[in-house]
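Chain identifiers are assigned alphabetically (A, B, ...) following the order of the sequence lines, protein sequences preceding nucleic acid strands; residue numbering begins at 1 within each chain.
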Protein chains: 2
Amino acid sequence: MTTRPGPRERLLDAARELTYSQGVQVGVDAILKQADVARRSLYQHFGGKDGLVAEVLRSDGGLDRYRQVMDEAGDDPRERVLAVFDELDAITSQPSFRGCRYTAAELTLTDPGHPAHAEVRAFKEGLHRLMAAELTRHGHPAPDAGADQLLVLIDGVLAHAVTRPGARPALAARALAEAVFASRA
Amino acid sequence: MTTRPGPRERLLDAARELTYSQGVQVGVDAILKQADVARRSLYQHFGGKDGLVAEVLRSDGGLDRYRQVMDEAGDDPRERVLAVFDELDAITSQPSFRGCRYTAAELTLTDPGHPAHAEVRAFKEGLHRLMAAELTRHGHPAPDAGADQLLVLIDGVLAHAVTRPGARPALAARALAEAVFASRA
DNA sequence: AGATAGATAGAACGATCGGTATATGCCGCC
DNA sequence: GGCGGCATATACCGATCGTTCTATCTATCT
């Protein structure tokens, strides 16, 4: 029998799931109950709900998932990036899809001092670097501006998929992503 | 001296402002205070907070603003749509910009039964029709799919502008919108 | 004038929020 | 063997949540 993860891991797992399905406004009690963890442990490990929420975003490994999808698509930068949109189409088609966790956090948490905002920023910066690197390898004339376009497409897909169920925004975006790669100096 | 608007209007105005700047999770008390309206009036006119929030979205007139921006841009569909992205650049550059109110409502309100969701859907549907009409007039081979692309771009701009301050996602999206209009049958 | 409808003020409701305090149990380590 | 650190369980805190209620006031219409 596998040993049960410690309270810290259980808290992160429970919070990751509940803040996604119920939103960040989910109560601390619900997280504690699902994690089967004492109230005090939360404050011991994360200082409070804000710290827990921020750590959920920080440790989410979203960038790794993007990297993995691209690596499985081979070497060609164009194919690697287009694979991202294929994956987005699969993700946004799942009934459990509830939008991008980072965008949701950014829009829901009004307090500009909330520690989650820094994590969101860090994630988006990393994603931008990821995309810019692919465009650079592809010989894009302006990798930075091109990455901006790809990020807009990704954010657009994730946002649009929530508000218009049934549409397949990732497919629409994929065609535009091809246009980004068609840019010539 | 102009006569003061009635309680219903004052409630809508206050709610529109506060739910945007503070998020929909703003308290009823704050709305009542800013509207300078009796507690009971809220429940008399809107049945509750949920009804008020939904009515704020419904009466927001977002579609009219899009129409107005396009009308000011003249007759050519391409110019009219590109003007939308110029306007988005202006909007997202304002320091008071806090994201798209509809997307925020959709992501924040987890309860699928919340009346606001229907308003969000209606808005996005209307926007889709608006864009598809322009593409049809332009002779686009697939106005519906093209409108999907434009909506992804718009949602992407509004979402991305919140998470990466300083970037000008509307300019990046504008170039891609041009690509949408370059589509040939 | 009297009646009616709408608005006001304010108390109070039960529920839930995030966070703290107290007290006990379990474990490895010196 | 006792000690320290972590986890547990639970009670409790003040604050705030959305909502309901009573009671008073005011404007309009007949």
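Scanning both residues, A:Y20 and A:R98, for their nearest heavy atoms gives OH-N, 2.8 Å. B:T103 approaches A:A159 most closely through the heavy-atom pair CG2-CB, 4.2 Å. Summarising the geometry of B:P165 relative to B:V162, their closest heavy-atom pair is CD-O, 4.1 Å, with the distance given to 0.1 Å.
When rounded to the nearest whole Å, the span between CG of B:L32 and P of D:dT19 equals 11 Å. At whole-Å resolution of the value, NZ in A:K49 and P in C:dC17 are 8 Å apart. Whole-Å rounding puts the B:F46 CZ to D:dT19 C1' distance at 16 Å. D:dT8 atom P lies 15 Å from atom CZ of A:R8, rounded to whole Å. Separating the CG atom of A:D50 from the C1' atom of C:dG18 is a distance of 9 Å, rounded to the nearest angstrom. The CD-C1' distance, from A:Q44 to D:dG5, rounds to 9 Å in whole Å. With rounding to whole Å, B:I31 atom CD1 is found 8 Å from D:dG18 atom P.
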Can you give me every donor-acceptor pair (side chain of residues 141-151 of chain A, partner residue at least two apart or in another chain, under 3.5 Å) with its distance?
residue, atom, partner, partner atom, Å
A:D148, OD1, A:H128, NE2, 3.0
A:D148, OD1, B:R164, NH2, 3.4
A:Q149, NE2, B:A172, O, 3.1

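The backbone N or O of A:T110 sits nowhere less than 3.5 Å from a side-chain atom of B:Q22 that would complete a donor-acceptor pair.
B:G48 comes within contact range of the sugar-phosphate backbone alone, with a heavy-atom separation under 4.0 Å but no base atom that close.
Between B:H140 and B:F181, the distance separating the two ring centers is not shorter than 6.0 angstrom.
The base-pairing partner of D:dT19, taking Watson-Crick or G-U wobble contacts with both distances under 3.5 Å, is C:dA12.
Closest to the side chain of A:R10, out of C:dG18, D:dT8, D:dT19, is D:dT8. In this structure, of C:dT8, C:dC17, D:dT19, it is C:dC17 that holds the atom nearest to the side chain of A:D29.
The phosphate of D:dC6 (OP1 or OP2) has no side-chain N or O of A:H45 nearer than 4.0 angstrom.
Side-chain atoms of A:T19 and A:R101 form a donor-acceptor pair, as typed in the model, at a separation below 3.5 Å.
The CZ atom of B:R65 lies 13.5 Å from the CE atom of B:M70; values are rounded to the nearest 0.5 Å. Taken to the nearest 0.5 Å, the CG atom of B:L18 stands 6.0 Å off from the CD1 atom of B:I31.
Within residues 33-43 of chain A, the residues approached by DNA chain C to less than 4.0 Å at the level of any non-hydrogen atom are A:R39, A:R40, A:Y43, in residue-number order. A heavy-atom distance below 4.0 Å to DNA chain C is reached by none of the residues of residues 11-24 of chain A.
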